[in-house]
2 protein chains.
Amino acid sequence: MADELDLYPKTGRFLEGRLRDAMSEEEKATVESLVEETAEFESPEVILERGVLCNRSTMLIEGFVLRTINSGEKRYVVGVQVPGDFVDLHAFALKRLDHNLVTIGKAKVGFTTHDRIKDVMSDNPHLARLLWFSTLLDAAIHREWIMKLEQLRAPKRVAHVFCEIWQRLDFVGLGRDGGIDTPLIQQDLAEMCGTTAIHMNRALSQLREEGLADFRRGRIDVPDRKRLEKYATFDSTYLYGEGVLGMRGELSLSTP
Amino acid sequence: MADELDLYPKTGRFLEGRLRDAMSEEEKATVESLVEETAEFESPEVILERGVLCNRSTMLIEGFVLRTINSGEKRYVVGVQVPGDFVDLHAFALKRLDHNLVTIGKAKVGFTTHDRIKDVMSDNPHLARLLWFSTLLDAAIHREWIMKLEQLRAPKRVAHVFCEIWQRLDFVGLGRDGGIDTPLIQQDLAEMCGTTAIHMNRALSQLREEGLADFRRGRIDVPDRKRLEKYATFDSTYLYGEGVLGMRGELSLSTP
DNA sequence: CGTTCCCTTGAGTAGTTTCAATACTTGTGG
DNA sequence: CCACAAGTATTGAAACTACTCAAGGGAACG
């Protein structure tokens with residue numbers, strides 16, 4: 001993992017833990033070369049706004065990004081992205097997004113033009129398929145969010161969010177024993193779970209009282225991960241991690 | 001529209017109202033040729049089950065299909081598809097789906113092998129991009145569902161579902177004045193909106209009392225469409241209809 | 001003409017929102 | 001170093017929304 005970041009400092013986390021092994025070194029180099037310019041953000045800033053025409057896409061290198069939609073004075077979070085995510089690759093085909101991309105906390109991103117992606121589409125169908133795959137991962141996560149919003153109440157919803165982010169950070173080597181560190185605040189969690197910040201606070205208190213998870217200003221400590229996952233009915237298959245759905249055998253070209 | 005179905009009986013509705021105009025006649029013919037075998041279903045049947053390895057994709061020709069996820073004895077609906085939708089095109093890149101595809105009512109579908117799609121990926125980058133686009137439409141719809149689950153209560157949720165399905169049926173020429181006809185039952189609507197069937201029934205009663213929409217065994221009558229859309233805070237831009245986000249000018253190759 | 005599926009209604013309980021008020025934390029300037 | 005401000009987190013009480021359990025009504029199909 002450290003090797004990947006040495007070799008590919010800007011895109012070394014892309015699809016790590018998922019289908020990165022299906023990429024040849026040449027393809028990894030191609031992806032790395034796609035990202036020309038980088039930018040760093042402090043505190044909440046809008047990377048890309050809903051409806052704005054756009055001809056480049058963004059690789060998240062460090063930090064967190066939220067997908068948000070505003071409606072009637074309020075903001076709703078419809079997705080969260082972690083390092084290694086090609087956060088608006090779908091803008092290549094959509095041209096204008098239906099949602100906003102906003103950073104929270106410090107973040108570092110890289111940009112690539114759609115012209116360069118277009119070249120990849122023409123020259124390397126295998127890599128094109130992997131790029132497509134990465135956008136479909138987001139869709140799979142969206143579906144799980146829908147399901148969990150339908151199924152769970154606030155305490156389990158936020159517990160599920162914790163489990164998902166932890167697993168995704170694990171994929172890219174950013175996990176930590178006993179929990180995770182995020183730039184999230186309770187208001188963000190509320191907007192992800194479709195509740196008010198006040199109710200989210202009570203939900204978090206409940207998780208704390210029951211010894212499931214302790215959220216304190218972005219730092220999430222979990223005494224017993226398995227227990228939290230069971231509580232949240234978290235099943236990671238929808239994240240298409242290596243081996244989970246037999247993905248590795250399907251698209252893999254080379255073994256590490 | 002009728003012309004499209006005469007020329008392309010199995011895929012004439014694909015991307016109709018969205019980017020179908022961006023396809024050349026040759027590309028439309030290519031898509032039509034992708035679908036070799038067709039099948040018809042009566043009443044609820046599973047087209048594709050979560051986790052099952054699969055090497056073909058499904059075009060919905062007639063009828064409705066639900067995307068469902070089962071968890072703890074219950075079923076949750078995370079998406080609905082209408083004629084013209086390439087319902088599991090994403091299985092081409094994912095290989096196994098994270099959800100089930102089930103028909104409701106009568107449905108007719110066409111199948112295409114992933115080998116054939118692979119050829120398109122290599123031979124026609126422009127068409128590949130349109131196929132990609134169509135899977136991203138689903139993701140955009142997922143995001144709107146998340147947002148509406150977070151934002152709205154049961155009566156407005158189901159009103160929003162009505163508005164969306166109506167708009168999507170309009171795209172493919174299946175709208176009707178004063179409402180729509182679907183094979184949906186109240187239980188399905190409940191599973192889409194994350195409520196119980198009993199509560200959905202009360203929500204529907206409320207819409208009926210307020211003269212917003214009258215749901216009766218799949219038939220939905222709406223006295224005033226604009227009023228319903230306003231009530232549900234329905235904004236169709238996320239469906240990427242022609243012209244709405246200036247799509248037509250962006251990817252279009254020919255004008256009709 | 002009865003079974004089955006679908007829809008409807010009532011009453012009590014649990015979960016969530018709103019409004020209002022109070023603390024804690026962090027960073028900034030005096 | 002302290003005081004203050006801004007952002008973040010916490011608590012209480014009343015009103016609303018949704019769920020569960022239980023029972024009954026209606027339409028379609030054989």
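In what follows, chains are A, B, ... by sequence order, proteins preceding strands, each numbered from 1.
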I need the CD-P distance between Glu150(A) and dG15(C), as an integer number of Å. 19 Å

Check the distance between dC7(C)'s P and Arg219(B)'s CZ and give it to me in whole angstrom. 15 Å

Return the orientation label for the Tyr238(B) and His160(B) ring planes: parallel under 30°, perpendicular over 60°, tilted otherwise. parallel

Does a side-chain N-to-carboxylate-O contact under 4.0 Å join Asp188(B) and Arg75(B)? yes

Under a 4.0 Å threshold between the charged nitrogen and the carboxylate oxygen, would Arg67(A) count as salt-bridged to Asp98(A)? no

Whole Å only: how far is the CZ atom of Arg153(B) from the P atom of dT17(C)? 6 Å

Between Asn100(B) and Glu49(B), a side-chain donor and acceptor under 3.5 Å: no

Using whole Å, report how far CG of Leu152(A) lies from P of dG15(C). 13 Å

Under 3.5 Å, is there a donor on one side chain and an acceptor on the other for Gln151(B) and Ser71(A)? yes

Can you tell me if Glu229(B) and Trp166(B) form a side-chain donor-acceptor pair at under 3.5 Å? no

For the pair Phe14(A) and Phe86(A), name the ring-plane relationship: parallel under 30°, tilted 30 to 60°, perpendicular over 60°. perpendicular

How far apart are the closest heavy atoms of Leu48(B) and Val52(B), and which atoms are they? CD1-O, 4.4 Å

For Thr195(B) and Arg153(B), test the side chains for any donor-to-acceptor distance below 3.5 angstrom and give the result as yes or no. no

Check residues 212-221 of chain A and write down every donor-acceptor pair under 3.5 Å in which the side-chain atom is one partner and the other belongs to a residue at least two apart or another chain.
unit_1    : atom_1 : unit_2    : atom_2 : d
Asp214(A) : OD1    : Arg208(A) : NE     : 2.9
Arg219(A) : NE     : Asp221(A) : OD1    : 3.4
Arg219(A) : NE     : Asp221(A) : OD2    : 3.1
Asp221(A) : OD1    : Arg176(A) : NH1    : 3.4
Asp221(A) : OD1    : Arg176(A) : NH2    : 3.2

If the condition is side-chain hydrogen bond (donor to acceptor under 3.5 Å, both in side chains), which residues does Glu210(A) pass it with, not counting sequence neighbours? Gln206(A)

At a cut-off of 3.5 Å, list every protein nitrogen or oxygen paired with a nitrogen or oxygen from nucleotides 25-30 of chain D, distance to 0.1 Å.
none

At how many degrees, to 10°, do the end axes of the helix from dC7(C)-dG24(D) to dG30(C)-dC1(D) meet when each uses five pairs? 40°

Is Asp88(B) paired with Arg56(B) through a side-chain N to carboxylate O contact shorter than 4.0 Å? no

Rounded to the nearest Å, what distance is computed from the CD atom of residue Gln206(B) to the C1' atom of nucleotide dT9(C)? 15 Å

Contact check, residues 180-193 of chain B vs DNA chain C, heavy-atom distance under 4.0 Å, returns Ile185(B), Gln186(B)

Just checking, Lys156(B) and Tyr231(B): is the charged tip under 6.0 Å from the six-membered ring centre and within 45° of the axis? yes

Quick one: which of Arg18(A), Arg13(A), Arg225(A) gives a salt bridge (Lys or Arg N to Asp or Glu O under 4.0 Å) with Asp170(A)? Arg225(A)

Separation of Lys156(A) atom NZ from dG15(C) atom P, in whole Å? 10 Å

Tell me which nucleotide among dT11(D), dT16(C), dT18(C) gets nearest to the side chain of Pro155(A). dT16(C)

Heavy atoms within less than 4.0 Å of DNA chain D: which residues of residues 195-204 of chain B have one? Give them sorted by number. Thr195(B), Thr196(B), Ile198(B), His199(B), Arg202(B)

Between P of dT17(D) and CZ of Arg157(B), the distance in whole Å: 13 Å

Let me know the distance between CD1 of Ile220(B) and P of dC7(C), rounded to the nearest Å. 11 Å

Scan Gly194(A) against the nucleic acid and name what it touches under 4.0 Å (heavy atoms): base, sugar-phosphate only, or nothing. sugar-phosphate

Over all strands shown, is Arg208(B) touching base, sugar-phosphate only, or nothing at heavy-atom distances under 4.0 angstrom? sugar-phosphate

